[in-house]
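Beneath this line is the structure, given in structure tokens, with notes to follow.
When reading the values below, keep in mind they use all heavy atoms of this one structure, side chains included, and skip hydrogens, waters and symmetry mates.
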Amino acid sequence: MSNHENGLLEDPFSKQFKLPDLLLDDAVRGLHLRIEKEWDSLQQSACQMAAGRALWKHVINDPFADVLAGETYLRSLHEKIKKDCMNNAREISGVILAVRTLWFDSKLEAVVNSFDGGAAQVVFLGAGMDARAYRLSCLGKSDVFEVDFPDVLQVKVALIKAAVETPDDHCELKVMAKSLTRVAADLRDDVWLEKLQDSGYMPGRNTVWVLEGLLYYLPQSHAMQVLKMIADKCNHTKTVLLADFMNKPSTTLSSSTFQFYSDWPDHLLPSLGFSDVKLSQIGDPDANFGLMHDPLNLFNKLRSLPRSIHIHPEDGTPCRRLYLVQAFGSPN
């Protein structure tokens, strides 16, 4: 499979991998050593996502991605990408992260711009190493809240501070959102919403809730509780949910890591109170971004099958799907 057939005019991965100088800094190395030793799989997934943004920089603009990812996750993903390219793989490692990131970026921009010229609240639950408050100009009139574990937010702030203070291309970077508030909370505790409100979140204002790479890490009961708490806001104000869902076969990738799933999120969310739900799969017209033109790509092959099928009839492999979902609700 050539790069041209995959929608790439030239090979963006052909250049020799070079570790950014900032990741050689002792303080930064110390922070990432702490991540590797002390964080669990859910917390570490934030660095894996950042590595995807960093190594797919030819389509994603995130100048903080390298330092937020760290050397271990950058090298790991780079090795996988190099192997895929050598084997002419139809799906290059990280492409699903790239498409998902671009989907969330595009939907968030469209929704925010539909709210009173961009005046809204945007809440990132399980924000991890997300840097959209720094890199999306569409958030210029929005108040952004990042909710995550205390240690995740503490390390993230320290890494961003190190990047901003380094005398290179990072020095001009600043928060692009109207405001950025970080809320230390565990979403598995019922008090996270109370902590969010204590930090300035206003239930009566138009709000976009962003749950990227989060729900499937939560136990079934906690994931449902989070969704119900967000859906309840539809009774008070214009509410938009942007989230990704795994189907049941996808959780078999790691039964100890992935817990919550929904085969039919477009049925689940209306039952909770959302009035309009739109679902996309990787490879759909609004979820490919020119990165998967190959009709025999794994994701395109899955799209041709009914969603009710869990085992592929051709090769007997599980039909692992990732659903990208936007849901809308309002008092009216």
Side-chain angles (χ1 to χ4, degrees), residues 22 28 31 35 43 45-47 49-50 53-54 60-69 101-102 104-166 169-187 191-214 226 230 233 237-243:
L22 181 58
V28 172
L31 288 168
I35 290 172
Q43 295 167 308
S45 69
C47 296
M49 290 169 60
R53 298 196 302 273
I60 299 171
N61 175 32
D62 186 348
F64 286 119
D66 286 319
V67 69
L68 293 175
T101 297
L102 293 169
F104 274 91
D105 284 356
S106 63
K107 299 305 180 185
L108 179 58
E109 180 176 6
V111 170
V112 166
N113 288 340
S114 72
F115 282 156
D116 302 323
Q121 295 177 130
V122 179
V123 181
F124 293 92
L125 294 186
M129 296 300 180
D130 187 282
R132 287 186 173 92
Y134 292 86
R135 65 182 185 84
L136 295 187
S137 59
C138 64
L139 299 176
K141 296 181 180 179
S142 295
D143 296 305
V144 172
F145 297 86
E146 294 184 344
V147 183
D148 214 320
F149 297 110
D151 194 44
V152 171
L153 295 179
Q154 181 185 22
V155 171
K156 177 180 180 178
V157 168
L159 288 171
I160 288 179
K161 183 173 183 290
V164 171
E165 292 178 351
T166 300
D169 292 341
H170 292 105
C171 62
E172 298 299 324
L173 295 179
K174 60 182 180 180
V175 175
M176 301 188 77
K178 178 184 176 183
S179 68
L180 172 59
T181 303
R182 295 186 171 96
V183 183
D186 186 339
L187 296 174
V191 296
W192 68 265
L193 184 56
E194 180 180 337
K195 290 182 178 180
L196 181 60
Q197 292 182 193
D198 290 343
S199 300
Y201 162 76
M202 301 174 65
R205 287 190 60 198
N206 296 340
T207 304
V208 185
W209 299 83
V210 182
L211 283 63
E212 181 184 13
L214 170 69
V226 167
I230 295 174
K233 302 305 173 189
T237 188
K238 289 182 179 178
T239 301
V240 179
L241 171 70
L242 300 177

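A distance of 9.5 Å separates CG in Leu68 from CG in Asp130, rounded to the nearest 0.5 Å. To the nearest 0.5 Å, atoms CZ (Arg53) and CG (Asn61) are separated by 11.0 Å. Distance check: Ser142 OG to Met176 CE gives 12.5 Å after rounding to the nearest 0.5 Å. Here the straight-line distance linking atom CG of Asp105 with atom CG of Asp62 works out to 9.0 Å at 0.5 Å rounding.
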Distance-only check: which donor-acceptor pairs under 3.5 Å involve side-chain atoms of residues 198-211, not counting sequence neighbours?
from	atom 1	to	atom 2	distance (Å)
Ser199	OG	Lys195	O	2.9
Arg205	NH1	Asp143	OD2	2.7
Asn206	OD1	Thr237	OG1	3.2
Thr207	OG1	Gln121	NE2	3.0
Thr207	OG1	Arg205	O	2.8

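For Val144 against Leu139, the heavy-atom pair with the smallest separation is CG2-CD1, 4.1 Å. Taking each heavy atom of Asn113 and Cys138 in turn, the nearest pair found is OD1-CB, 4.3 Å. Heavy-atom minimum distance, Asp148 versus Gly126: OD2-C, 3.3 Å. Scanning all heavy atoms of the two residues, the minimum distance from Ala65 to Ala50 falls at CB-O, 3.5 Å. Of all heavy-atom pairs spanning Gly128 and Val152, the tightest one is CA-CG1, 3.9 Å.
By the 4.5 Å heavy-atom criterion applied to side chains, Asp186 and Trp192 are not counted as neighbours. For the pair Leu125/Ile230, a side-chain contact is recorded, criterion being any heavy-atom separation below 4.5 Å from C-beta on. Residues Glu212 and Leu108 have side chains not in contact (no heavy-atom distance under 4.5 Å, counting atoms from C-beta outward). Taking 4.5 Å as the limit, some side-chain heavy atom of Arg132 sits within range of a side-chain heavy atom of Thr101. At a threshold of 4.5 Å between non-hydrogen side-chain atoms, the residues Phe64 and Val164 count as touching. Between Met129 and Ile35 there is a side-chain heavy-atom pair separated by less than 4.5 Å. The side-chain heavy atoms of Thr181 and Leu196, taken from C-beta on, include no pair separated by under 4.5 Å. Between Leu22 and Asp66 there is no side-chain heavy-atom pair separated by less than 4.5 Å.
No more than 12 heavy-atom neighbours from other residues, nucleotides or ligands sit within 6.0 angstrom of NZ on Lys238.
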